[in-house]
Each structure stands twice: as C-alpha cells, then as structure tokens.
Amino acid sequence: MQSIRSVLFTAAAIAVTLAAFVFTASLALALAGIAAVVAIGSAIATRLNGRSVHARSRARPAGAAREMRIWNDGRGTIIDL
C-alpha cells in the first residue's frame, strides 16, 4: 500500500510540474508575441515618420548684407536671421 501511495504522489507531482511548465511556457510565448508586436509597430511608425530636413546656408559675397529668410517646413516656421 505504501508503494502505491508513493507512486501516486510521484505521478501527481510530475503532473503538477508539467502543468506549471506548460503555464510558464505559454506565458513566455505570450510576452514574446507582445514584444514582437510592439517592435514591429515601432519600426512601422519610424518608417512612416519621414526624414529630417537639414537647413543649409548659401555662400554670400564679401561685404554683402545678410538677408533674413523665413519659411515653413511643415513642422513649424523657421526664421533665419
């Protein structure tokens, strides 16, 4: 009777351990899926954001007065004094 009880307890312990392993694995898989969705969304948002507009100044002749330039690049008004 003692050996049957120990076999049943061992089988129950193995079943509980297996259930805990399956739960942990499914939780890790769900977290990995959420992280993948967030990473893909971030990559798409970065791609749709566009590129920066770099301002460049033109060379001016010596002694010429500097002109004030004002323009709008779509993200705000730029005033170049």
Side-chain angles (χ1 to χ4, degrees):
M1 189 70 178
Q2 186 69 11
S3 66
I4 294 174
R5 187 179 301 165
S6 66
V7 168
L8 289 178
F9 279 141
T10 303
I14 289 172
V16 168
T17 304
L18 184 63
F21 174 75
V22 168
F23 176 72
T24 304
S26 65
L27 193 62
L29 189 62
L31 287 175
I34 291 170
V37 167
V38 168
I40 291 170
S42 175
I44 290 173
T46 302
R47 181 169 287 187
L48 294 177
N49 195 12
R51 297 185 183 211
S52 301
V53 178
H54 298 286
R56 296 186 181 129
S57 62
R58 289 174 274 178
R60 57 189 164 111
R66 186 169 180 176
E67 65 181 49
M68 183 171 73
R69 297 182 302 151
I70 301 173
W71 73 93
N72 190 340
D73 69 347
R75 291 178 288 192
T77 302
I78 299 171
I79 302 172
D80 185 12
L81 301 175

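All values reported here derive from a predicted model rather than from experimental measurement. The first residue of the sequence shown is numbered 1, and numbering continues consecutively from there.
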Review point. Once you round to the nearest 0.5 Å, how far does CD1 of I34 lie from CG of L29?
Key: 10.0 Å

**Study point:** Between CD1 on residue I78 and CD1 on residue I70, distance to nearest 0.5 Å
**Key:** 11.0 Å

Review point. Going only through I, L, V, M, F, W and Y residues with side-chain contacts under 4.5 Å, is there a path from F9 to L18?
Key: no

**Study point:** Backbone N/O of V38 and side chain of S42: donor-acceptor pair under 3.5 Å
**Key:** no

